[in-house]
Peer 1: 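One structure is given below, represented as structure tokens, and several questions about it will come after.
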Amino acid sequence: MSSKLKIFNTLSKEKEIFKPSRAPHVGLYVCGPTVYGDPHLGHARPAITFDLLFRYLQHLGYKVRYVRNITDVGHLENDADDGDDKIAQKARLEKLEPMEIVQYYTERYHTYMNALNVKSPSIEPRASGHIIEQLAIVESIIDKGFAYESNGSVYFDVERYNKEYNYGILSGRVLEDLLRSTRALDGQSEKKSSFDFALWKKAAPSHIMRWPSKYSDGFPGWHLECTAMATRYLGKTFDIHGGGMDLLFPHHECEIAQSTVAHGQGPASYWMHNNMVTIEGQKMGKSLGNFITLEEFFSGGHKLLNKAWSPMTIRFFILQAHYRSTVDFSNEALLAAEKGLNRLMEGIERLNNISPGLRNDYNVDELELKCYDALNDDLNSPVLIAHLFDAVKAINQAYDGKLSFSKENLDKLRHLINLFVFELLGLKTINKNNADSDVLNGVLSLILNIRQEAKNNKDWVTSDKIRIGLASLGIEIKDGKDGASWEVKK
RNA sequence: GGUCGGUUGGCCGAGUGGCUAGGCAGCGGUCUGCAAAACCGCGUACGGCGGUUCGAAUCCGCCACCGACCUCCA
């Protein structure tokens with residue numbers, strides 16, 4: 001079980017060897033979506049990043065409990081006293097019960113994550129289902145003197161906290177600097193300091209999502225939800241907390257503060273943050289209105305998209321960059337990813353048709369080592385993919401008769417490719433539009449036979465007519481040494 | 001303004017003090033009736049200016065530009 005996995009810990013800003021505190025069990029918590037809109041490319045990044053981590057940890061033999069929440073309440077448009085809840089706002093807009101919004105977008109999220117072949121987490125709790133746990137933490141923080149009640153709301157006392165602990169331990173922020181450089185916003189009179197954050201908010205009369213508490217009828221603060229749900233399912237401390245880099249401050253910093261007061265220490269040993277997807281160099285996000293939803297990617301229905309991009313192309317595109325780097329969206333980059341993925345998949349298909357030779361010219365053990373090294377080095381998926389392309393090259397050379405695999409090595413390579421490409425990177429063979437139906441296969445095999453006869457008779461008119469005719473139906477003929485094959489092109 | 005990060009060949013994107021990922025595009029070739037596809041081969045790039053070093057794209061300094069966060073965001 002002693003793995004050589006190193007992960008970059010945002011807390012220490014260093015790559016550290018991963019040592020779970022209760023091996024073989026691993027607790028992993030990742031901040032999930034606030035379900036008030038369709039999932040976009042930005043949502044795909046953490047989902048895929050931590051899916052890779054989840055898969056790899058499991059492969060290493062860990063029993064992973066992966067918790068990824070659904071935020072269905074408490075995520076405010078802003079933190080002013082009259083800040084509106086994102087879900088409630090959407091519900092009012094569409095004249096729906098908030099939970100209808102939640103249900104709808106949660107299902108949408110699942111649909112698209114599923115398309116991206118992102119595994120379901122072990123537990124997917126909803127914030128609204130954990131009000132009691134959240135209120136218990138509020139009370140505990142008040143009891144310890146680090147939160148105060150104000151007009152029915154409860155706020156975390158950041159300045160008080162910072163006197164005993166370090167508010168900024170994760171983000172590197174210095175509270176004094178923050179306070180100095182920020183002027184007080186209007187309508188924050190309830191708070192002692194502008195950086196205090198809400199643990200519990202009193203609901204305005206018009207507010208539809210509300211729960212009773214001894215402070216007021218209200219709703220929980222966003223930061224508190226993750227602390228409550230993580231504690232409930234993973235305990236007061238657990239191994240890895242993940243999320244997008246944009247959540248680092250204040251969200252994760254606040255989680256640490258809450259947990260430190262309530263439980264005596266920060267929640268996680270390792271903090272992992274994925275970087276952003278950018279578009280023309282700028283973060284793709286709701287605030288800038290420059291996001292493209294996953295549905296739009298899959299259908300091509302967005303003015304910035306030249307065509308539809310399959311879920312696996314999106315997944316591969318994301319995995320081709322390291323998770324801590326920004327990845328810039330463009331049609332050109334996606335096309336490169338699509339073609340690259342195709343090359344990889346065709347190589348793998350070819351691998352099944354290679355016969356072993358007497359010699360062995362390829363060192364599969366070395367490839368295996370390199371692949372593991374790549375993942376162990378802070379989940380370096382782009383390097384892993386580069387090694388896999390080396391294998392594809394060898395496969396193609398073998399296919400060309402320029403290189404030979406021994407039986408043993410061929411089996412080993414097949415196993416290895418299966419492990420890294422399908423199990424760990426989570427790529428799937430591209431669905432060829434039911435192209436594998438027996439009828440279609442039979443018809444095309446007949447047509448290709450006729451074409452071959454025509455070619456044998458040097459009847460180029462007929463053979464070209466077949467080729468062009470099929471092409472117009474979206475079927476591409478590929479002439480090879482051993483006859484022709486076909487593929488349905490979208 | 002503060003904090004942090006980035007700047008790599010036509011594009012995307014890794015990485016290391018010397019052994020110069022990978023994908024896409026491009027070029028040349030093989031194959032083919034022609035084409036397509038496929039395969040093979042080819043590209044010596046690391047923002048600028050200094051410094052350290054036998055040697056730096058990789059370390060240090062300065063400058064320029066870009067981005068993220070600074071109580072909405074994956």
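Here is the naming used below: chain letters follow the sequence lines, and residue numbers restart at 1 for every chain.
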Peer 1: OP1 or OP2 of B/G15 versus the side-chain N and O atoms of A/Asn380: is any pair under 4.0 Å?
Peer 2: yes

Peer 1: For B/G23, take OP1 and OP2 only and decide whether either is under 4.0 Å from a side-chain N or O of A/Arg343.
Peer 2: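 For A/Arg343, the contact criterion (side-chain N or O under 4.0 Å from OP1 or OP2 of B/G23) is met.
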
Peer 1: Whole Å only: how far is the NE2 atom of A/His251 from the C1' atom of B/U71?
Peer 2: 13 Å

Peer 1: By the 4.0 Å heavy-atom rule, please label A/Met245 as base, sugar-phosphate, or nothing.
Peer 2: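 No contact.
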
Peer 1: What's A/Lys339 touching, base or sugar-phosphate or nothing? Going by heavy atoms closer than 4.0 Å.
Peer 2: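 Touches sugar-phosphate only.
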
Peer 1: In whole angstrom, give the distance that lies between atom CD of A/Glu487 and atom P of B/A38.
Peer 2: 9 Å

Peer 1: Quick one: label A/Asp464 by what it contacts on the DNA or RNA (base, sugar-phosphate, nothing), any heavy atom closer than 4.0 Å.
Peer 2: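 It contacts base atoms.
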
Peer 1: Tell me which nucleotide among B/A36, B/U71, B/C69 gets nearest to the side chain of A/Lys478.
Peer 2: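 Shortest atom-to-atom distance from the side chain points to B/A36.
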
Peer 1: On the six-membered ring of A/Trp200, is A/Lys202 placed so that its NZ or CZ lies under 6.0 angstrom from the centre and within 45° of the ring axis?
Peer 2: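 No, a cation-pi geometry is absent between A/Lys202 and A/Trp200.
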
Peer 1: Identify, residue by residue, the members of residues 384-397 of chain A with a heavy atom below 4.0 Å from RNA chain B, and return them in order of residue number, or none.
Peer 2: A/Ala386, A/Phe389, A/Asp390, A/Lys393, A/Asn396, A/Gln397

Peer 1: A/Phe8 ring centre to A/Arg324 NZ or CZ under 6.0 Å, with the angle to the axis within 45°?
Peer 2: yes

Peer 1: Return the value, rounded to whole Å, for the distance between atom CG of A/Leu319 and atom P of B/G23.
Peer 2: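 For the pair A/Leu319 CG and B/G23 P, the rounded distance is 17 Å.
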
Peer 1: Report which part of the nucleic acid A/Arg350 touches: base, sugar-phosphate, or nothing (heavy-atom distance under 4.0 Å, all strands).
Peer 2: sugar-phosphate

Peer 1: On a plain distance test, is the side chain of A/Ser463 in donor-acceptor contact with the base of B/G33 below 3.5 Å?
Peer 2: yes

Peer 1: What's A/Leu344 touching, base or sugar-phosphate or nothing? Going by heavy atoms closer than 4.0 Å.
Peer 2: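 If one applies the 4.0 Å heavy-atom cut-off, A/Leu344 turns out to touch nothing in the nucleic acid.
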
Peer 1: Assign A/Ser485 to base, sugar-phosphate, or nothing according to its heavy-atom contacts below 4.0 angstrom with the strands shown.
Peer 2: nothing

Peer 1: Once you round to the nearest 0.5 Å, how far does SG of A/Cys254 lie from OH of A/Tyr161?
Peer 2: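 If I round to the nearest 0.5 Å, the distance is 9.5 Å.
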
Peer 1: Report which part of the nucleic acid A/Val174 touches: base, sugar-phosphate, or nothing (heavy-atom distance under 4.0 Å, all strands).
Peer 2: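 Contact class for A/Val174: none.
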
Peer 1: Return the value, rounded to whole Å, for the distance between atom CG of A/Asp400 and atom C1' of B/U30.
Peer 2: 9 Å

Peer 1: Send over the distance from A/Tyr167 OH to B/U3 C1', rounded to a whole Å.
Peer 2: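 Rounded to whole Å, this separation is 14 Å.
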
Peer 1: Regarding A/Gly42, tell me which of base, sugar-phosphate or nothing describes its non-hydrogen contacts under 4.0 Å with the strands shown.
Peer 2: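 Base, at least one base atom sits under 4.0 Å.
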
Peer 1: For A/Lys283 and for A/Pro33, find the nucleotide of RNA chain B with the closest heavy atom, then tell me which residue's nucleotide is more 5'.
Peer 2: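 So the residue in question is A/Lys283.
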
Peer 1: Return the nucleotide paired to B/G1: Watson-Crick means purine N1 to pyrimidine N3 with N6-O4 or O6-N4, wobble means G-U with N1-O2 and O6-N3, both under 3.5 Å.
Peer 2: B/C70

Peer 1: Honestly, is A/Arg173 close enough over A/Phe249, meaning NZ or CZ under 6.0 Å from the six-membered ring centre and within 45° of the axis?
Peer 2: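 Because its charged atom sits under 6.0 Å from the ring centre and within 45° of the axis, A/Arg173 does stack over A/Phe249.
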
Peer 1: Kindly give the heavy-atom pair with the smallest separation between A/Ile137 and A/Ala228, and that separation in Å.
Peer 2: CD1-CA, 3.6 Å

Peer 1: Does A/Ser12 have any side chain to side chain contact (heavy atoms under 4.5 Å, CB included) partners at least two apart in sequence or in another chain, and if so, which?
Peer 2: A/Asn9, A/Glu14, A/Glu16

Peer 1: Applying a 4.0 Å non-hydrogen cut-off, can you work out what A/Lys402 is touching in the nucleic acid: base, sugar-phosphate, or nothing?
Peer 2: sugar-phosphate

Peer 1: Please report, rounded to the nearest Å, how far the C1' atom of B/U3 is from the CD atom of A/Glu253.
Peer 2: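 Result: 12 Å.
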
Peer 1: Please assess A/Leu379 against A/Leu53 for the test side chain to side chain contact (heavy atoms under 4.5 Å, CB included), listing each intermediate value before the final yes or no.
Peer 2: CA-CA 7 Å; A/Leu379 298 181; A/Leu53 178 67; 3.8 Å; yes

Peer 1: Using ring centroids (six-membered ring only for Trp), state whether A/Tyr112 and A/Phe298 fall under 6.0 Å.
Peer 2: yes

Peer 1: So which nucleotide from B/A74, B/A25, B/G22 ends up closest to the side chain of A/Gln320?
Peer 2: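 For the A/Gln320 side chain, the nearest candidate turns out to be B/G22.
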
Peer 1: How close or far is atom P of B/C31 from atom CG of A/Asp479, stated in whole angstroms?
Peer 2: 15 Å

